[in-house]
Amino acid sequence: MAWNSTPSKWLLGLFLVLAVVAVSEAQLVDTFYKLKCPGGPAKVTQTVRSWIAKDRTLAPALLRLHFHDCFVRGCDASVLLDGTSGEKFAAGNENSLRGFNVIDDIKAKVEAICPGVVSCADILALAARDAVVAIGGTNYTVPLGRRDGIVTSKAEADANLPSFAANFNTLKSVFASKGLSVTDLVVLSGSHTVGFAHCAVMQSRLYNFNSSVKTDPALDPTFVLTLKNLCKQGDTTTLIKMDLSKSVDTWDPNYYTNVIRGRALFTSDDQLKRNSAGLSVVQSMNQSPSPFNKAFGASMIKMGRIGVLTGTSGQIRKKCNVKN
Ligand code: HEM
Ligand SMILES: *[C@@H]1O[C@H](CO)[C@@H](O)[C@H](O)[C@H]1NC(C)=O
Ligand SMILES: *[C@@H]1O[C@H](CO)[C@@H](O)[C@H](O)[C@H]1NC(C)=O
């Protein structure tokens, strides 16, 4: 009766029902495993911590896995699938991504307590967070409920992963295509405050910049001497720390000081200050105290939502390297 006489209320009710359905099917939520696998996220944290206690360099590796997963087909664990035409063999991934064994170990331990419940995509998101916290970053809550994809493509990874030689506009548009802003670009690039790079990616900046200039003039000349000593011409295999100002990696905003001083490794890092919008974020992250930690959590949560499979899409893989 009453509802019959007020179609606007009826419509509002219908809208609310649809909204609830949409939320339960399409959104990630912090409490996703609270009933389904209450010990799952803690098992991930505990396993990540024990690996990093043995090898600290696994922290940056785990962080990068989540980034490379999310930028190709969304955060669906497609980066973990085996196969010679898969993402693992893309230029930016092959002989470079590390930590697959850690993910397999986490998955086995989580399957042992809740079989078939926790997705590999959620494990990647949790492991990235736990890795950052394990080396001194600030904790943030990871929205959960991703499901795993069944397709992996080298060609798609080659097309979607930004190059170390990319300029600002390219970086901006790649990030924009994933729903990420210039702030997210600059904040997430702050990950390069930890981890390692191969001398291969430094060769052109040090020895073969362009037809008239051998060494990129954007690099601090003193830093060039250090780099040339670590990475000889033609060396493609040596690993060097990305933040050479500290001997042991801890999570800090030092990356932004490096960018400002011409001491960040890649052209993609240097480019962040070559645009006024980028520069203002670099400068704000470089303040003391720095808003980096807080901003990083917020941008990671955004990155972790890219193209996720939820509800009944995709599957929960039994093993992370193969579809069911
Ligand atoms: C903005 C575009 C980006 C470019 C062009 C880029 C490029 C690279 C390159 C070339 C390496 C070295 C790989 C090697 O030599 O093996 C690297 C390492 C790394 N990147 Fe990025 N990256 C970008 C953004 C990001 C983002 C958004 C994150 C995380 C959210 C990230 C996290 C890392 C980490 C942690 C490492 C070290 C990995 C390790 O030690 O195993 N990067 N990146
Ligand atoms: C981060 O916080 C979550 C709760 O949101 C907690 O379960 C997890 O253990 C914390 N991670 C680390 C590495 O301390
Ligand atoms: C080489 O790089 C320098 C420094 O960025 C630049 O001024 C010059 O125009 C470049 N030359 C060519 C041929 O691209």
Side-chain angles (χ1 to χ4, degrees), residues 30-31 33 38-49 52 55-71 91-99 126-144 161-168 170-172 174-175 178 180 182 184-203 205 208-219 231 236-243 249 251 255 264-272 274 278 296-297 299-300 302-304:
D30 302 345
T31 52
Y33 295 112
K43 182 60 79 180
V44 178
T45 305
Q46 183 197 329
T47 311
V48 166
R49 275 202 199 127
I52 291 174
D55 177 2
R56 202 174 172 85
T57 76
L58 287 170
L62 292 171
L63 171 57
R64 190 162 183 245
L65 273 181
H66 181 46
F67 162 48
H68 281 211
D69 180 34
C70 292
F71 267 55
N93 289 340
E94 193 176 15
N95 300 320
S96 176
L97 284 184
R98 305 179 294 132
L126 288 165
R129 186 273 312 266
D130 292 335
V132 168
V133 175
I135 57 170
T138 302
N139 204 349
Y140 56 90
T141 306
V142 180
L144 297 165
L161 294 173
S163 160
F164 56 84
N167 66 25
F168 184 85
T170 302
L171 294 168
K172 181 182 168 174
V174 172
F175 275 64
K178 311 292 174 191
L180 299 177
V182 167
D184 296 319
L185 163 64
V186 176
V187 167
L188 293 171
S189 293
S191 301
H192 292 173
T193 200
V194 294
F196 291 80
H198 287 82
C199 283
V201 294
M202 296 313 299
Q203 289 297 317
R205 271 193 112 188
N208 190 25
F209 187 58
N210 68 25
S211 55
S212 53
V213 176
K214 284 205 156 57
T215 304
D216 186 348
L219 285 165
C231 292
T236 57
T237 53
T238 303
L239 281 169
I240 61 168
K241 286 186 81 278
M242 292 214 276
D243 179 8
D249 272 341
W251 195 257
Y255 170 77
L265 292 191
F266 312 137
T267 294
S268 62
D269 299 318
D270 185 72
Q271 282 290 306
L272 301 178
R274 306 287 168 188
F296 187 77
S299 289
M300 284 294 281
K302 264 178 91 176
M303 186 180 85

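All ligand and atom numbering here is 1-based and tracks the order in the structure. These values consider heavy atoms only, across backbone and side chains, with no hydrogens, waters or symmetry-generated copies.
Note that atom 11 (N) of ligand 3 has protein non-hydrogen atoms nearby, at separations under 4.0 angstrom. Protein heavy atoms are found less than 4.0 angstrom from atom 5 (O) of ligand 3.
The shortest heavy-atom distance from Ala166 to ligand 1 is not under 4.0 Å.
Taking CZ of Phe175 as the start and CG of Asp184 as the end, the distance is 8.0 Å to the nearest 0.5 Å. Going from atom CH2 of Trp251 over to atom CZ of Phe296 covers 3.5 Å, rounded to the nearest 0.5 Å. Rounding to the nearest 0.5 Å gives a distance of 9.5 Å between OG1 of Thr215 and CZ of Phe209.
Under a 4.0 Å criterion applied to the non-hydrogen atoms of His198, ligand 1 contributes the atoms 14 (C), 15 (O), 16 (O). Heavy-atom contacts of Phe209 reach the following atoms of ligand 3: 2 (O), 5 (O) (cutoff under 4.0 Å). Less than 4.0 angstrom separates some heavy atom of Thr141 from each of these atoms of ligand 2: 5 (O). Heavy-atom proximity to Ala197, at under 4.0 Å, picks out these atoms of ligand 1: 12 (C), 14 (C), 15 (O). For ligand 2, the atoms lying closer than 4.0 Å to a non-hydrogen atom of Arg129 are 1 (C), 2 (O), 3 (C). Counting the atoms of ligand 1 from 1 in the order shown, those under 4.0 Å from a heavy atom of Leu185 are 1 (C). Residue Gly195 has at least one heavy-atom neighbour below 4.0 Å for each of these atoms of ligand 1: 37 (C), 40 (O). Counting the atoms of ligand 1 from 1 in the order shown, those under 4.0 Å from a heavy atom of Phe175 are 1 (C). Set against the non-hydrogen atoms of Val133, the atoms of ligand 2 under 4.0 Å away are 12 (C), 13 (C), 14 (O). When each atom of ligand 1 is checked for a heavy atom of Phe164 under 4.0 Å away, the hits are 5 (C), 10 (C). Taking every non-hydrogen atom of Asp130 and a distance limit under 4.0 Å, the qualifying atoms of ligand 2 come out as 11 (N), 13 (C). Close contacts of ligand 1 with Ser189, meaning ligand atoms under 4.0 Å from a residue heavy atom, involve 1 (C). Set against the non-hydrogen atoms of Ser212, the atoms of ligand 3 under 4.0 Å away are 1 (C), 11 (N), 13 (C). Near Ser163, meaning under 4.0 Å from any of its heavy atoms, are these atoms of ligand 1: 5 (C).
Of the residues listed (His198, His68, Arg64), the one engaging Ser96 in a side chain to side chain donor-acceptor pair (under 3.5 Å) is Arg64, and it is the only one.
Here the side chain of Lys178 pairs a donor or acceptor atom with the backbone of Phe71 at under 3.5 angstrom. Of the possible polar contacts, one joining the Ser191 side chain to the Leu188 backbone as a donor-acceptor pair under 3.5 Å is found. Side chain of Arg274 to main chain of Phe168: no donor-acceptor pair is present (N/O by atom type, distance under 3.5 Å, no hydrogens or angles).
Contact annotation: for Ala200 versus ligand 1, there are no heavy atoms closer than 4.0 Å. Contacts between Pro217 and ligand 3, counted as non-hydrogen atom pairs separated by less than 4.0 Å, involve the side chain only. With a 4.0 Å cut-off on non-hydrogen atoms, Ser268 touches ligand 1 through its side chain and not its backbone.
If you check the side chains of Thr57 and Arg98, you find a donor sitting under 3.5 Å from an acceptor. A donor-acceptor contact under 3.5 angstrom links the side chains of Thr45 and Asp130, judged on distance only. A donor-acceptor contact closer than 3.5 angstrom links the side chains of Thr170 and Asn167. A donor and an acceptor atom, one from each side chain of His192 and Asp243, are nowhere located under 3.5 Å apart.
The protein heavy atom nearest to atom 8 (C) of ligand 3 is Asn210 ND2, 3.8 Å. In this structure, the protein non-hydrogen atom closest to atom 32 (C) of ligand 1 is Ser191 CB, 3.5 Å. Closest protein heavy atom to atom 6 (C) of ligand 1: His192 CE1, 3.5 Å. Protein heavy atom at the shortest distance from atom 2 (C) of ligand 1 is Pro162 CG, 3.6 Å. Among protein heavy atoms, the minimum distance from atom 39 (C) of ligand 1 is reached at Arg98 NH2, 3.5 Å. The shortest contact between atom 8 (C) of ligand 1 and any protein heavy atom is with Phe266 CE1, 3.5 Å. Looking only at protein heavy atoms, the nearest one to atom 35 (C) of ligand 1 is Pro60 O, 3.2 Å. What sits closest to atom 37 (C) of ligand 1 on the protein, heavy atoms only, is Met242 CE, 3.5 Å. Considering only non-hydrogen protein atoms, atom 17 (C) of ligand 1 sits nearest to Arg64 NE, 3.5 Å. The protein heavy atom nearest to atom 14 (O) of ligand 2 is Arg49 NH2, 3.1 Å.
Considering backbone and side-chain N/O atoms, Met303 never comes within less than 3.5 Å of an N/O atom of ligand 1. Residue Ser211 places no N or O, backbone or side chain, under 3.5 Å from any N or O of ligand 3. Considering both main-chain and side-chain atoms, Tyr140 never comes within under 3.5 Å of ligand 2 through any nitrogen or oxygen pair.
Considering every non-hydrogen atom in both Asn93 and Leu161, the closest pair reads OD1-CD1, 3.6 Å. Between Pro60 and Val194, the shortest heavy-atom distance links the atoms CB-CG2, 3.9 Å.
Side-chain contact between Cys231 and Ile240 is present, with heavy atoms from C-beta onward closer than 4.5 Å. Contact of the Leu265 side chain with the Val201 side chain is not registered, since no non-hydrogen atoms from C-beta on lie closer than 4.5 Å.
The closest heavy-atom contact to atom 3 (C) of ligand 2, among the options Ile52, Asn139, Val48, comes from Asn139.
Between Asp249 and Lys241 there is a salt bridge, since at least one side-chain N of the basic residue sits less than 4.0 Å from a carboxylate O of the acidic one.
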